[in-house]
Amino acid sequence: MAENRTLLSQSEIDALVSFLQQGGKDESTSIGDVLDQSSIDKLVDIIRFNNNNGILLNNDTTAAILSAGNVDITAPDGSTVDRSVCELDYRITDSGMAEIYCRNTKDGSSYKISPDSLKQRKYVAEGSTWGRAVSPRHFNKIANLFRINYSQDTYNSVVKRFAEVLYGNADAEVARIYFPVEG
């Protein structure tokens with residue numbers, strides 16, 4: 001089962017949405033009455049896979065939740081990067097792939113941040129790639145993990161690129177689930 005991360009069918013999604021919209025108003029109805037066991041197993045597997053890969057559903061992106069503040073970025077020479085003079089930077093490569101960097105605003109040096117940093121809760125320069133875009137939520141998680149600020153312009157670039165890749169239009173309205181949790 002762990003290898004099969006098949007999405008739910010439309011009828012399963014409709015049944016789940018209907019159940020969730022009831023908000024537990026009908027206490028005689030349980031999730032087992034709405035979805036069969038294989039559908040429930042799919043949901044559990046999807047959630048486990050996401051949680052194991054740093055995509056924590058319905059989890060806050062605050063620094064406290066990520067145990068941030070103690071996560072250092074190490075320069076190639078082995079020294080620790082002074083994050084107080086750094087800014088999170090978002091770039092799109094010539095091949096159209098998204099990359100995130102910690103950029104020193106004083107000397108211009110940059111340190112690439114891999115998505116594996118979220119999973120391992122430490123600085124990882126090389127590893128998996130972000131793909132064609134990074135969700136605003138994950139961009140904010142990286143900022144919180146390393147306690148690095150970013151500019152409004154950079155954040156706007158993240159949102160626009162994400163909308164362009166996901167919806168085909170940089171000005172499309174992005175669903176709230178892709179944004180950092182408030183609070």
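Quick caveat, the model's predicted, so the values are computed rather than measured.
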Going only through I, L, V, M, F, W and Y residues with side-chain contacts under 4.5 Å, is there a path from V165 to V158?
no
C86 and V81, any side-chain heavy atoms less than 4.5 Å apart
yes
Salt-bridge contact D82-K106 (side-chain N to carboxylate O under 4.0 Å)
no
Kindly say whether S135 contributes a backbone atom to a donor-acceptor pair with the side chain of R161 at under 3.5 angstrom?
no
Closest non-hydrogen atom pair between A170 and A163, with its separation:
O-CB, 3.7 Å
Within the side chain of S109, is there an N or O that forms a donor-acceptor pair under 3.5 Å with the backbone of N104?
no
Taking the side chain as everything from C-beta on, heavy atoms only, tell me whether S117 gets closer than 4.5 Å to F146.
yes
Quick one: do V174 and Y167 satisfy side-chain contact (heavy atoms from CB on, under 4.5 Å)? Show the steps, please.
CA-CA 8 Å; V174 177; Y167 300 108; 4.0 Å; yes
Examine distances only and state if a side-chain atom of T93 and a backbone atom of M97 form a donor-acceptor pair shorter than 3.5 Å.
yes
Say you draw a straight line from CD of E164 to CD1 of I92; how long is it, rounded to the nearest 0.5 Å?
8.5 Å
Do you know the tightest heavy-atom contact between L118 and H138?
CD1-CD2, 3.7 Å
With side-chain hydrogen bond (donor to acceptor under 3.5 Å, both in side chains) as the test, would you mind laying out the steps for S79 and D77 before giving the verdict?
CA-CA 6 Å; S79 63; D77 66 4; 2.6 Å; yes
Working to the nearest 0.5 Å, report the span between CH2 of W130 and CD1 of I142.
4.0 Å
Between Y150 and Y90, does the ring centroid distance fall short of 6.0 Å?
no
Are L166 and Y178 close enough, and set up right, to give a side-chain contact (heavy atoms from CB on, under 4.5 Å), and what steps lead you there?
CA-CA 11 Å; L166 191 64; Y178 297 113; 3.6 Å; yes
Going from OG1 on T105 to CG on D89, what distance comes out if it is rounded to the nearest 0.5 angstrom?
11.0 Å
For I113 and I73, run side-chain contact (heavy atoms from CB on, under 4.5 Å): C-alpha distance rounded to whole Å, both residues' side-chain angles, the deciding distance at 0.1 Å, then the answer.
CA-CA 9 Å; I113 300 174; I73 294 178; 4.3 Å; yes
Between the CZ atom in R132 and the CZ atom in F162, the distance rounded to the nearest 0.5 Å is 11.5 Å
Return the CD to OG distance between E99 and S114, rounded to the nearest 0.5 Å.
10.5 Å
Would you verify whether the NZ or CZ of R91 falls within 45 degrees of the ring axis of Y101 while also being under 6.0 Å from that six-membered ring's centre?
yes
Test side-chain contact (heavy atoms from CB on, under 4.5 Å) on N149 and E87 and set out the steps.
CA-CA 5 Å; N149 294 322; E87 180 174 273; 5.7 Å; no
Is a side-chain N or O of D116 found less than 3.5 angstrom from the main chain of S128, in a donor-acceptor match?
yes
Without hydrogens or angle criteria, can the side chains of T154 and S157 be said to hold a donor-acceptor pair below 3.5 Å?
no
Measuring from E173:CD to D171:CG, what's the distance to the nearest 0.5 Å?
11.5 Å
Is there a side-chain contact between Y111 and P76 in this structure, where contact means two heavy atoms from C-beta onward sitting under 4.5 Å apart?
yes
For the residue pair K112 and I100, establish whether any side-chain heavy-atom pair is separated by less than 4.5 Å.
no
